[in-house]
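The structure appears right after this line, and notes come after that.
The analysis underlying the following values was restricted to heavy atoms, covering all of them including side chains, and did not include hydrogens, waters or symmetry mates.
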Amino acid sequence: MGGTQSEREEKVSLELSEEILQSMEVGMTFRDYSGRISSMDFHKTSSYLVTASDDESIRLYDVASATCLKTINSKKYGVDLVCFTSHPTTVIYSSKNGWDESLRLLSLHDYKYLRYFKGHHDRVVSLSLCSRKECFISGSLDRTVLLWDQRAEKCQGLLHVQGRPATSYDEQGLVFAIAFGGYIRMFDARKYERGPFDIFPVGGDTSDANVVKFSNDGRLMLLTTMDGHIHVLDSFRGTLLSTYNVKPVSVNSTLEASFSPEGMFVISGSGDGSVYAWSVRSGKEVASWMSTDTEPPVIKWAPGSLTFVTGSSELSFWIPDLSKLGAYAGRK
């Protein structure tokens, strides 16, 4: 019986259904933050999660054991956005002190700054790393998007934008998207200086772009905006498939949304702190979790797993409660 039990559990873990999504609840919370979590990122091939918080800390977690491994304080610069490089203990982060907009490459292993990337003159609001090469892209309120190589301090490319930019590479690192002013512009990562190869409208929503993301298979993309809209598009044709609506967010907040690993569902925060989930196929809301918070949480789905994480003034791991599921309840 032992073998079939684990096989069954393996099967459960691979298939995210509406029923499983509706059963999800907070399984564990870290409450030792003294400021809001502003950003977090999962490493693609390890079980690590990194968070950045307004309490000027960067924290490294092992999701598999649900433990905090390290806390690094960035008192001098503050910390706003954080992303893993391909290496599980090296991150790039943006500062939050208002006087130094450099990006920093930091080793969490020995707490050393490996490089500074100077070029932006206002707050960095978007940061995305390329999975294929040692490249990354940053967008700023200074109305520029800069392209970087992790091995060089000076930017490798500069694109001007008209508005707050949201940027992201696709999972393969072959294309990147820049969203602002009601459109998503698609660039070939190897020939970006030729300008966008496609421009997708998002239904006349010209409010500030917050985040743009690709699904893991690259077929879908989403854009969130300050007015509380989450647009889901076909990333090849540019067709607008659905728009989900939540409460608008303030200028200083960011509305974040995330595809589930297989791209079947979208989860999102909201201006009133709630969390929502929608089915991409039907476009309908399938679950919601209310909150007493008044700002949108940062929200990310853990790669290849039935877990998502939200960050507000605390860090919460959400997992299915299998006892709520008729089909699985008898298997315990």
Side-chain angles (χ1 to χ4, degrees), residues 16-18 20-22 24-27 37-44 47-52 61 63 81-84 125-129 131 166-171 177 179 184 202 209-226 228-233 235 241-247 249 253-271 273-281 283-289 291 293 295-312 315-320:
L16 176 65
S17 64
E18 287 191 17
I20 288 178
L21 195 50
Q22 287 159 358
M24 292 184 80
E25 57 183 39
V26 175
I37 296 166
S38 54
S39 170
M40 56 191 180
D41 190 33
F42 283 98
H43 190 260
K44 289 203 168 48
S47 60
Y48 287 171
L49 166 73
V50 66
T51 66
Y61 294 87
V63 179
L81 302 179
V82 65
C83 283
F84 278 112
V125 290
S126 190
L127 190 58
S128 177
L129 272 79
S131 59
T167 62
S168 181
Y169 280 98
D170 74 330
E171 285 299 309
I184 302 174
V202 287
N210 274 198
V211 300
V212 64
K213 287 182 185 176
F214 289 86
S215 60
N216 285 341
D217 64 9
R219 290 179 185 175
L220 299 171
M221 57 197 308
L222 63 78
L223 170 68
T224 71
T225 65
M226 188 174 150
H229 305 305
I230 299 117
H231 305 288
V232 178
L233 298 91
S235 60
L241 303 174
S242 289
T243 296
Y244 317 129
N245 300 302
V246 297
K247 290 276 191 306
V249 300
S253 295
T254 297
L255 178 62
E256 189 168 27
S258 181
F259 283 108
S260 59
E262 74 310 310
M264 299 271 288
F265 299 95
V266 169
I267 52 169
S268 170
S270 168
S274 306
V275 173
Y276 293 90
W278 297 269
S279 161
V280 170
R281 196 175 282 148
K284 293 192 167 67
E285 182 187 315
V286 295
S288 62
W289 299 269
S291 165
D293 209 355
E295 286 189 62
V298 288
I299 188 162
K300 287 258 187 341
W301 202 284
S305 99
L306 280 186
T307 307
F308 69 84
V309 177
T310 56
S312 51
L315 180 69
S316 299
F317 290 79
W318 298 70
I319 53 174

Residues Ala179 and Ala209: closest non-hydrogen pair is O-CB, 3.5 Å

Less than 4.5 Å apart, side chain to side chain, heavy atoms only: is that true for Leu129 and Asp41? no

Quick one: list whatever passes salt bridge (Lys or Arg N to Asp or Glu O under 4.0 Å) with Glu285, sequence neighbours left out. none

Can you name the closest pair of heavy atoms from Gly269 and Pro297 and give their distance? CA-CD, 3.8 Å

Any donor-acceptor pair under 3.5 Å linking the side chain of Ser128 with the backbone of Thr167? no

For the side chain of Ser235 and the backbone of Gly218, is there at least one donor-acceptor N/O pair under 3.5 Å apart? yes

Give a yes or no answer on whether the side chain of Lys213 reaches the backbone of Phe259 with a donor-acceptor pair at less than 3.5 Å. no

Using 0.5 Å steps for rounding, measure from the CZ atom of Phe265 to the OG atom of Ser17. 6.5 Å

Partners of Ser253 by side chain to side chain contact (heavy atoms under 4.5 Å, CB included), sequence neighbours excluded? Val249, Ser250, Glu295, Pro296

How long is the span from the CD1 atom in Ile37 to the CG atom in Leu315, to the nearest 0.5 Å? 4.5 Å

Would the distance check show the side chain of Glu256 and the main-chain N or O of Ile299 forming a donor-acceptor pair, the cut-off being under 3.5 Å? yes

Which label fits Tyr61 and Phe317: parallel for a plane angle under 30°, tilted from 30 to 60°, or perpendicular past 60°? perpendicular

Sole residue of Val298, Leu255, Thr254 in side-chain contact (heavy atoms from CB on, under 4.5 Å) with Val211: Thr254

Would you compute the distance between atom OG1 of Thr224 and atom NE2 of His229 and round it to the nearest 0.5 angstrom? 11.0 Å

At their closest point, which heavy atom of Ser242 faces which heavy atom of Gly283, and how far apart are they? OG-CA, 3.7 Å

Report the C-alpha distance between Thr310 and Trp289 in whole Å, list the side-chain angles of each, state the deciding distance to 0.1 Å, and finish with yes or no for side-chain contact (heavy atoms from CB on, under 4.5 Å). CA-CA 12 Å; Thr310 56; Trp289 299 269; over 6 Å; no

Rounding to 0.5 Å, atoms CG (Asn216) and NZ (Lys44) come to a distance of 8.0 Å

Nearest-0.5 Å distance that lies between atom CG in Leu16 and atom CE in Met264: 8.0 Å

Find out whether Phe214 and Ser168 are in side-chain contact, i.e. whether some heavy atom of one side chain is under 4.5 Å from a heavy atom of the other. yes

Heavy-atom closest pair, residues Val286 and Glu18: CG1-CD, 3.4 Å

Determine, step by step, whether Leu241 and Leu220 satisfy the side-chain contact (heavy atoms from CB on, under 4.5 Å) criterion, reporting the C-alpha distance in whole Å, the side-chain angles of both residues, the deciding distance to 0.1 Å, and the verdict. CA-CA 9 Å; Leu241 303 174; Leu220 299 171; 3.5 Å; yes

Do Ile267 and Ser260 have side chains that get closer than 4.5 Å, going by heavy atoms? no

Verdict with supporting geometry, Trp278 and Ile230, side-chain contact (heavy atoms from CB on, under 4.5 Å): CA-CA 10 Å; Trp278 297 269; Ile230 299 117; 3.7 Å; yes

Roughly how far, to the nearest 0.5 Å, is the SG atom of Cys83 from the NE2 atom of His43? 11.5 Å

Quick one: does any side-chain atom of Ser270 pair with a main-chain N or O of Val246 as donor and acceptor, under 3.5 Å? no

Does any part of the side chain of Lys300, heavy atoms only, come nearer than 4.5 Å to the side chain of Leu49, both counted from C-beta? no

With the side chain counted from C-beta on, respond yes when Ser268 and Tyr244 share a heavy-atom pair under 4.5 Å apart, and no when they do not. no

